[in-house]
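Before any comments, here is the structure.
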Amino acid sequence: MATPVIAIPASALRESGRMFALGISVFGMMFRRPFQFREFVEQFWFIASVTILPTALVSIPFGAVTSLQVGSLTQQFGAQSFTGAASVLVVIQQASPMIVALLVSGVAGSTICADIGARKIREELDAMEVLGVSPVQRLVVPRVLACVAVAFLLNGLVSVVGVGGGYFFNVLMQGGTPGAYVASFSALAQLPDIYVGEAKALLFGFVAGVVASYRGLNPKGGPKGVGDVVNQSVVITFLLLFMLNLAITAIYLQVVPPKGAER
């Protein structure tokens, strides 16, 4: 029996290639002059202002639910002393980067896509090209860098708030010992756990900014097309982030051995 072959549409491959090429161009232009510092500061402030509060509010219940669920499982196995380590590692390695990336892409990415898409249909980008100004360097690079910077900083905020929420609910609702919660984390965690979380936040912020900018640069169908590309950018970003998280986690677990394991 012949093995079925999944055919990938040529248009999807072209779109993926163009998006990847835009990401390479953005990365290369980050180190070129002139750098649009004012635009970067304005975008950074805007993205931070619309994501700080939702991120903090989401991280509290997420950390609490993670701590309660892990605490319930460890009690069944008689390993309550490892509740803190398991909860904190889940928040730092997985939950924090994903929460930040989803909020940055959903809140800030959609705004970036709509802004660039509106400029495109008003032919502002074509006018910039006629004047010899690169729309990518002038508009896309500062926005992508702002997404990266905000994601990096928010990841630290989510880690602190999530761990604090997990600690509070574990001690208050499950009768956990504060000293054991902290001691178990220090016994099993290591610095690469924090490094991989921050690295994920940087990469996820870059991907969210590039996808939003790419879709904004290519709207179709006038104003209605801008709304369509905004929805597409959010969905595409979510799918890419989950796949990237899976790949990075798999590589990390193979490269970095657990604390205490033989090297």
Side-chain angles (χ1 to χ4, degrees), residues 44 47-71 73-74 82-110 144-171 176 181-182 184-212 234 237-256 258-259:
F44 177 88
I47 297 173
S49 64
V50 298
T51 54
I52 287 178
L53 183 59
T55 302
L57 294 178
V58 169
S59 60
I60 293 175
F62 199 96
V65 170
T66 301
S67 179
L68 293 174
Q69 185 65 53
V70 171
L73 292 174
T74 53
F82 294 102
T83 301
S87 302
V88 174
L89 288 177
V90 169
V91 171
I92 291 178
Q93 287 190 17
Q94 305 298 330
S96 180
M98 290 303 299
I99 290 173
V100 170
L102 295 180
L103 285 174
V104 168
S105 62
V107 178
S110 58
V144 173
L145 279 177
C147 288
V148 172
V150 171
F152 179 80
L153 297 177
L154 284 183
N155 185 66
L157 173 66
V158 174
S159 298
V160 172
V161 175
V163 170
Y167 172 86
F168 177 79
F169 280 90
N170 178 259
V171 173
Y181 191 96
V182 177
S184 63
F185 170 62
S186 61
L188 295 180
Q190 50 188 339
L191 283 177
D193 297 326
I194 300 178
Y195 297 156
V196 71
E198 293 291 357
K200 284 182 179 180
L202 289 173
L203 181 59
F204 293 169
F206 182 82
V207 171
V210 169
V211 173
V234 175
T237 303
F238 283 8
L239 293 176
L240 289 178
L241 293 183
F242 281 113
M243 290 189 293
L244 281 174
N245 185 59
L246 173 62
I248 295 173
T249 301
I251 295 173
Y252 174 78
L253 294 177
Q254 294 295 323
V255 174
V256 180
K259 190 173 183 179

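Both backbone and side-chain heavy atoms feed into the values below; hydrogens, waters and symmetry mates do not.
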#### Entry: Leu145 vs Phe44, side chain to side chain contact (heavy atoms under 4.5 Å, CB included): CA-CA, chis, key distance, verdict
CA-CA 8 Å; Leu145 279 177; Phe44 177 88; over 6 Å; no

### Message
Any side-chain to backbone donor/acceptor pair from Ser96 onto Ile92? Under 3.5 Å, distance only.
### Response
no

#### Entry: Minimum heavy-atom distance Ala48-Val150, with the two atoms named
N-CG2, 4.1 Å

### Gap separating the CZ atom of Phe242 from the OG1 atom of Thr237, nearest 0.5 angstrom
11.5 Å

### Query
In Å, rounded to the nearest 0.5 Å, how long is the span from CD1 of Ile99 to CD of Gln94?
11.5 Å

### Task
Could you tell me which non-hydrogen atom of Gly205 sits nearest to which non-hydrogen atom of Ala151, and how far apart they are?
CA-CB, 4.0 Å

### Query
How long is the gap from CG on Asn155 to CD1 on Ile194, to the nearest 0.5 Å?
10.0 Å

### Contact summary for Thr51 and Ile47, nearest pair of heavy atoms
OG1-O, 2.5 Å

### Query
Is there a side-chain contact between Val207 and Leu203, using heavy atoms and a 4.5 Å cut-off?
yes

### Task
Give, for atom OG1 of Thr55 and atom CG of Leu153, the distance between the pair rounded to the nearest 0.5 Å.
11.5 Å

### Pairwise side-chain contact, Ser105 with Val211, heavy-atom cut-off 4.5 Å (strictly under)
no

### Those residues that, when tested against Val196, pass side-chain contact (heavy atoms from CB on, under 4.5 Å) (two or more places apart)
Gln93, Lys200, Ile248, Tyr252

### Message
Please find the pair of heavy atoms, one from Ser59 and one from Val161, that lie closest to each other, and give the distance.
### Response
OG-CG1, 3.2 Å

### Task
Using the test side-chain contact (heavy atoms from CB on, under 4.5 Å), find all partners of Val160 that sit at least two apart in sequence or belong to another chain.
none

### Task
Answer whether the closest heavy-atom distance between the side chains of Phe204 and Val100 falls below 4.5 Å.
no

### Message
Has Ser110 got a side-chain atom pairing as donor or acceptor with Val107's backbone, closer than 3.5 angstrom?
### Response
yes

### Message
Looking at every heavy atom in both Ala212 and Gly109, which two are closest together, and how far apart are they?
### Response
CB-O, 3.2 Å

### Query
How long is the gap from CG on Leu103 to CG on Leu53, to the nearest 0.5 Å?
10.5 Å

